[in-house]
Each structure stands twice: as C-alpha cells, then as structure tokens.
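Accompanying notes for the structure given below.
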Amino acid sequence: MTLPTVPLGSFDLSDLEGFWGGPRDRREGAFKTLRDMDGLAYFEEAEFEDAPFPRGPGYWALARHDDVWAASRNPKLFCSGQGSNIGDLPQEMNEFFGSMINMDDPKHYRLRSIVSKGFTPKEIGRVEGYVHAKAARIVDRLLEKFPEGRCDFVEHVAAALPLEIICDMMGIPEEDYGKVFGWTNTILGLGDPEYATTYDELMAHSLEMFMYAQALGESRRAQPTDDITSVMMNAEVDGERLTPQEFGSFFILLVVAGNETTRNAISHGMKALTDHPDQRDLLYGDYETHARTAMDEIVRWATPVIHFRRTATEDTELSGQPIAAGQKVVLFYCSANRDERTYEDPFRFDVTRPMQPQQVGFGAGGPHFCLGANLARREMTVMFDELRRRVPTMRITGEPEYLLSSFINGIKRMECAWD
Ligand code: HEM
C-alpha cells in the first residue's frame, strides 16, 4: 500500500474534525511521517468547549512501536496517576472516571488485585457457557427479524454480544441493558454530535451510571449472588474490600472498556473479512487452525482504542528526544500497530500473521494491560464462529459510518447482507 506523503506541520493530531474526521489514508500518511522522523513531535492540546478546567500544555506523540512499548512497560518513569486521557481532569475526577486506569501502584495494584478476582480463568470459564448461548441467540434473532437478509451490522450483531455479556457478568437485569448502552455511548462518544456534545451531559450520564453501580454493589455486598459484582464486592486483599464508591468508578471503566472496544473489533473484523475475501475463505475454511491468529490480527487491524496517555515522572528521553518531568506522552497504538519496523507488510490484513511480535491493541504490556483481553478474544472467536456456521455469506454492503473521535476507532452503522 502506498501512503500519501503528509509532511510534519501540515497536520494536527488534536484537530478532531480536520484530522480524525478527515480521510483515513491521510491519517495513515501522517503517522508514517511521525514514525519516520528523528525524535518525537509535540502537539498542542484541543480545548474542551465548556470544561471547567484549562487547556493543558500539550504532548509528545509516540508513533513507533518501540517507543509505545518502552513507555508502557516503565510505569515508574511514565505514570498513569495524572490521567490516561490527553486532557487534564482535576485529580478526584481522574479516579471517578477512570478508576484504576488512572492510578499508579500501590493504589493500582490493590484495586487490580481485588477486581481480578472477577476475571480468573474460573470466572471467565463460567462466562464462556453463556457467550455461546448469547451468540446463538443473536443470530437466531437476526434470522427471525430480517428474513430479507439485510440489516445494520453494528446494532444487530456487533453491539449486542459485548453488552449482554458484561451486563450478565455484573448481574444487571435485562430491562436495564438499554440504559447501560446509552450511558456508554455518551461517555465514549464525546465530541461526536450524535452523542453528548457538552461536558455537562457527559458528567450527568456518568453520575447516573455511578449511582446505579453503587446501588448494585451495595446490594450484592448485603446479599451475594453468583455474579461477578458479588465476587468483587466480597473479595478481600490484605484485609481490605472495595468500597461502593470504588466499585461505582470501576463499573464505569468496565462497561465502557468492555463494550465499545469489543463491538468495534467485531465490526472492523467483519469489514476486513469482506474486503479481503481470500482471508475470509482461509479463516472460514479452517476455523480451528486460524481463529487464534485471526482474532489477534483483527484487533491489530482495528486498534479499537487509538491511544492512552502517560506523564513523565522525571527528566528522561525516548528515541533521543529529551522529555521533561511532568510532560505528557501519548501512546498511539493505531500507529504502533502499523509500524513497518516491527511488522512485515503491516498494511496487509493477514489472518495467519504470527502473534509475535505482539500487537498492541490491548496495550503494550505493563501493569495496565487490558484486564478483559481474554474475555474479548473469547467473545470475538465465538461470534465469528456462529456467523461463519449459520450465515456464511454475510458481508458488509454499506460504507461504515465512523464515530468522530480521536480516542475510539468506532463504527456507528454499517449495512450487511446475506443470501
Ligand atoms: C477488543 C476489545 C478490547 C480492546 C481493544 C481493549 C483495549 C484496552 C487497552 C488499550 C487498555 C489499556 C492498556 C494499557 O494502558 O496498558 C485496556 C485496559 C483495560 N481494559 Fe480493555 N480492551 C478490550 C476489551 C475489554 C473487555 C471485554 C474488558 C472487560 C470486560 C476490558 C477491561 C479493561 C480494563 C478494566 C482495563 C484497565 C486495566 C488497568 O488499568 O489495570 N477490556 N483495554
């Protein structure tokens, strides 16, 4: 693939409409420029229109795989406690919104140890049974509801599974699924006019979700059931348990992190399989052999989470670029996953691509590596298996309508059809 030449100075990674809303190949060209340059480029920050905090000082963009890898694996030097999104929130809001993704050790370690009890192989094994049942039900509904063989893939296939799984795991009743879906859309769609456009709306929805979760946590502490909320609320690490407030914030992180990411991986995956019929034939023809590498390739290809941020704790350097204590670095997973130095022919979608060197769609390693990576892989594997067995001719027929975001590589709508 030949990328357009996009010289430094002609693009701005903080320009939501102009850069992230612009042509995708121009974006790829810009990241190639950043990967090929000496040192690192610095970008000013975008302004949150009505946010009650000032615009931050800017950030260094990490576009190469090696730089993203190095920063991610050195949390002492590149910390998360000052925020993992680009803008600076007041400290208490960092933890309210981000929970452990915005924490450093020992706080992060304590919280992750407690909530990990809900993600042990035993717990995920229990979930597995209903991942199959849910995926089968989604396809049943699809065939029943759309006998003409045409529908929106995002709403009727990709969105349903991750949402239902996470809600079920947490013990959320079915009548509340829609509510949770709406909240997560608003929180991650900030900036896209279809969802929340204002900071106030974002706050209002987050608060609703927080209160909902707090009440759920309190009820499971008093009366445990067999869901993961009960496991987490009653787990002890060094004699300490989660407070309902901590659970409230973790819940926001979990449903947001678990829903939109997996949904977008499935949507981009179906689009990639449609655009590369040889790869689809290979995967569908011998699913057992290729599913593992194919799911990893889909996550690399899609990179559903575009970036996370770290802050330098002392004067340091990356790729020869001096970075001062307190300066921000932004880890662009989307670019690291296309680094020509790391991956052979990175713009080729290849379901047999070896899993080493590791793709960084779930993070590049270190303490914050995606807690739900195994669950997400499972969900994707089961969903594509169900589709290939029951609707093998399903393909994307419409242009994807992309989410306007510099954080989530989202598809809002995309028509599919089958014979
Ligand atoms: C394809 C789907 C997914 C993708 C691409 C994805 C991606 C990511 C990324 C990039 C990070 C940050 C890693 C880092 O900073 O090192 C992360 C963290 C996290 N993810 Fe995922 N994720 C996915 C699915 C899930 C699911 C299904 C869940 C839970 C049900 C989940 C829960 C979390 C949590 C709790 C964290 C924070 C971990 C921490 O701070 O210690 N994710 N994910």
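For ligands, and for the atoms within them, numbers begin at 1 and follow the listed sequence.
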Query raised in the report: Side chain, backbone, both or neither: which part of R310 has a heavy atom under 4.0 Å from ligand 1?
Result: side chain

Query raised in the report: With no hydrogens and no angle check, do the side chains of T261 and R263 hold a donor and an acceptor under 3.5 Å apart?
Result: no

Report task. Identify, by atom number and element, the atoms of ligand 1 in contact range of G363, meaning under 4.0 Å from any of its heavy atoms. Result -> 10 (C), 13 (C), 16 (O)

Requested in this report: Please write down residue, atom name and distance for the protein heavy atom closest to atom 42 (N) of ligand 1.
Outcome: C370 SG, 3.0 Å

Requested in this report: Check whether any heavy atom of M103 sits under 4.0 Å from an atom of ligand 1.
Outcome: no

Query raised in the report: Can you list the atoms of ligand 1 that are under 4.0 Å from a heavy atom of L254?
Result: 29 (C), 30 (C)

Query raised in the report: With a 3.5 Å cut-off and no angle check, do the side chains of R310 and S84 form a donor-acceptor pair?
Result: no

Report task. Find all atoms of ligand 1 within a distance of less than 4.0 Å from any non-hydrogen atom belonging to F369, and give their numbers and elements. Result -> 16 (O)

Query raised in the report: For T293 and T352, does a side-chain donor sit closer than 3.5 Å to a side-chain acceptor?
Result: no

Query raised in the report: Does M295 have a non-hydrogen atom less than 4.0 Å from ligand 1?
Result: no

**Report entry** Whether S84 lies under 4.0 Å from ligand 1, heavy atom
**Finding:** no

Query raised in the report: Any side-chain heavy atom of R112 within less than 4.5 Å of one from S116?
Result: yes

Report task. Answer with yes or no whether the side chains of S319 and D67 bring together a donor and an acceptor at under 3.5 Å. Result -> yes

Query raised in the report: Between Q327 and T311, do the side chains contain an N or O donor and an N or O acceptor separated by less than 3.5 Å?
Result: no

Requested in this report: Could you establish whether G366 and ligand 1 come within less than 4.0 Å of each other, counting only heavy atoms on the residue side?
Outcome: no

